[in-house]
Amino acid sequence: MKEARAFLKSSALYLVGGGLSKAVSLLMLPLYTRRVSPEAYGLYDASLAAAALFSSLLYLDIWNGILRFMYDEGDDRAKMRPAAAGGVLFLGSSALYCALVAVLTPRFGLVNPGWLCLYGCLNALSQATGSVARGLGQNVRYMAAGLLGTLTATAANLVLLLLFRWGYEALYLSACLGYAVTSLINLLSRRALGLRRGLLPFGPPLRRMLAFSAPLCLNSAAYWFLTGYSKAAVAGVLSAWDNGLYAVAGKFGLIVTLLSRCFQLAWQELSFGKGGLLRKEQGAFYSAALKAYLRAMPVALALLLPAARLSFPVFVSPAYREAYRLVPAVLLAMAAASASEFLGSVFAALKRTRPLFATTAAGALVNVLALAFGLKRFGVKAAGAALFFGFLTTALWRAALLWRLIGLRVSPRAVAAPLLWLAACLLWYFALGAPGNAALLAVAAAAIPVFCRKQLAAVRLKLRPAKRSCDNFKP
């Protein structure tokens with residue numbers, strides 16, 4: 001039960017830390033949608049999509065490599081070797097990123113290359129320093145850094161949008177300030193500063209991290225075609241106005257991302273310690289975890305759908321009112337994305353990152369083809385559906401590979417009831433008005449304790465066999 005307590009504690013910390021950031025993004029929607037037009041917001045979102053592509057190609061997901069190799073070291077001083085190796089990769093990647101942005105941004109028809117350079121570098125820095133803090137076991141500091149960074153960005157947005165009447169440029173500067181504060185707090189700890197004084201040679205970790213992260217670079221580029229390409233395609237094929245609607249609908253998907261992310265971060269720390277289990281033990285461990293995950297997510301979506309329908313007129317300006325039709329597909333896509341990410345973390349725990357690229361590329365191909373077929377026929381509504389089918393393809397292929405690799409198994413009957421309930425909620429989202437969705441929200445909320453009780457029982461069953469099998473095992 002020690003592992004269960006550690007897992008739940010980590011989940012709670014990440015929920016608090018990430019919850020404020022996602023909550024603020026939703027709470028700021030009234031300000032964003034009233035001060036920034038759909039066209040300007042769509043252009044801003046397309047610019048961030050371009051920055052994400054460049055970042056995916058050049059930063060190699062070094063934050064995952066930092067965390068993974070820090071967990072392999074026995075003491076805190078040795079853990080700083082992979083952290084330092086990650087710092088070297090970060091500096092080189094940042095130089096290449098800024099050069100690429102300066103050269104290619106004008107060709108994409110985007111503006112503000114300076115903001116994109118600053119935004120991309122600081123975003124990557126906040127993720128890398130967060131991995132260092134987590135690798136040193138400083139989860140509270142990691143949470144506090146995220147909270148203070150979010151508060152900084154929020155305060156800057158309020159001042160720039162309300163007092164100085166800035167446009168979407170305020171969103172760039174606010175995000176950069178938030179990332180800078182987060183990075184400084186993660187870095188400027190006495191523990192990390194003290195360890196850096198006695199830094200060991202980091203040449204071997206650098207080479208291992210490059211070998212580990214190189215496949216992740218291709219995977220990240222493929223991931224962009226699974227996610228960011230939708231924004232670029234909507235803006236290019238349709239208009240920046242349509243992309244503005246799609247971006248606002250995506251804000252409601254942040255709730256699903258939050259629920260998934262707090263689980264993923266805590267799960268990552270637990271699963272990285274299980275890489276040395278025997279094949280049969282790994283299969284039982286990950287199968288029970290996936291079963292609990294797949295039972296919980298449809299229940300969460302059944303609660304979020306009516307909540308989003310009721311809150312949409314409150315949070316969104318009438319200029320964006322058509323975006324409410326896009327919310328269900330975005331929520332489903334984020335749920336499929338979270339399942340795909342969960343399965344991907346299992347490969348990372350097993351140090352088998354090569355299958356990640358092939359599975360992500362398959363999902364990206366489905367997304368690109370679906371967008372090419374659907375955007376001109378169905379408009380912006382096709383973007384969410386294409387994203388869902390893309391992530392579903394990735395998740396199913398990863399599950400099939402893990403079935404062959406470690407015997408991952410989940411009975412379809414274990415998740416049938418939640419999926420049927422979710423399908424009914426999707427129909428009610430459009431068919432019922434405000435009173436009907438309010439009633440649905442009450443019913444879904446009343447059902448949550450029942451499903452949560454079963455989920456917690458599944459987590460305990462998942463952890464007990466692994467704990468017994470690991471009594472004599474030291475990862």
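Starting from 1, each residue takes its place in the sequence as its number.
When all heavy atoms of G167 and L161 are compared, the closest pair comes out as O-CD2, 3.7 Å. Of all non-hydrogen atoms in A83 and I66, the two that sit nearest each other are CA-CG2, 4.3 Å. N112 and E169 get closest at one heavy-atom pair: ND2-CG, 4.3 Å. What you find for N437 and L432 is that their closest heavy atoms are ND2-O, 3.0 Å. Pairing each heavy atom of L356 with each of R398, the nearest pair is O-NH2, 3.5 Å. Considering every non-hydrogen atom in both L58 and S93, the closest pair reads O-OG, 2.7 Å.
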L408/L343 under side-chain contact (heavy atoms from CB on, under 4.5 Å): CA gap, chis, key distance, verdict: CA-CA 10 Å; L408 182 75; L343 294 168; 3.9 Å; yes

Determine whether C425 and L301 satisfy the following criterion, side-chain contact (heavy atoms from CB on, under 4.5 Å), listing intermediate values before the conclusion. CA-CA 9 Å; C425 291; L301 287 175; over 6 Å; no

Stepwise side-chain hydrogen bond (donor to acceptor under 3.5 Å, both in side chains) test for D242 and S239: CA-CA 5 Å; D242 289 294; S239 66; 2.8 Å; yes

Let's go through N243 and Y41 carefully: what are the C-alpha distance in whole Å and the side-chain angles of both, what is the deciding distance for side-chain contact (heavy atoms from CB on, under 4.5 Å) to 0.1 Å, and is it a yes or a no? CA-CA 8 Å; N243 193 49; Y41 198 74; over 6 Å; no

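Shown here are the ring pair (Phe, Tyr, Trp, His ring centres under 6.0 Å) partners of Y97, two or more places apart in sequence or in another chain: Y59. Listed by chain and residue number, F212 satisfy the ring pair (Phe, Tyr, Trp, His ring centres under 6.0 Å) test with F69 (two or more places apart in sequence, or in another chain).
Counting only residues at least two apart or on different chains, no side-chain hydrogen bond (donor to acceptor under 3.5 Å, both in side chains) pair has a member in residues 298-309. Applying the ring pair (Phe, Tyr, Trp, His ring centres under 6.0 Å) test to every pair with at least one member in residues 226-257, sequence neighbours left out, gives these pairs: F225-Y229, F252-F312. Applying the side-chain hydrogen bond (donor to acceptor under 3.5 Å, both in side chains) test to every pair with at least one member in residues 319-328, sequence neighbours left out, gives these pairs: E322-R325.
Checked against a 6.0 Å centroid threshold, the rings of Y44 and Y172 count as neighbours.
Between P106 and P113 the shortest side-chain heavy-atom distance does not fall below 4.5 Å. Under the 4.5 Å side-chain criterion, counting only non-hydrogen atoms from C-beta, N123 is not in contact with S55. Taking 4.5 Å as the limit, every side-chain heavy atom of W224 sits out of range of all side-chain heavy atoms of L57. No side-chain heavy atom of W428 sits under 4.5 Å from any side-chain heavy atom of L305. M297 places a side-chain heavy atom less than 4.5 Å from the side chain of V256. For the pair S131 and N64, the minimum side-chain heavy-atom distance is 4.5 Å or more. Residues L290 and F342 meet the side-chain proximity criterion, which asks for heavy atoms closer than 4.5 Å. Counting heavy atoms from C-beta on, the side chains of V316 and P30 never come closer than 4.5 Å.
A donor-acceptor pair under 3.5 Å links the side-chain atoms of N186 to the main chain of T182, judged by distance alone. In this structure a side-chain-to-backbone donor-acceptor pair under 3.5 Å is missing from N367 to G363. Put simply, the side chain of S338 gets close to the backbone of A335: a donor and an acceptor are under 3.5 Å apart.
Between atom CG of residue L254 and atom CG of residue L26 there is a gap of 6.0 Å, rounded to the nearest 0.5 Å.
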Can I get a per-line list of side-chain donor-acceptor pairs under 3.5 Å for residues 374-395, giving both atom names and the distance, sequence neighbours left out?
| residue | atom | partner | partner atom | Å |
| --- | --- | --- | --- | --- |
| R377 | NH1 | F373 | O | 2.5 |
| K381 | NZ | F378 | O | 3.4 |
| T393 | OG1 | F389 | O | 2.8 |
| T394 | OG1 | T359 | O | 3.1 |
| T394 | OG1 | G390 | O | 3.3 |

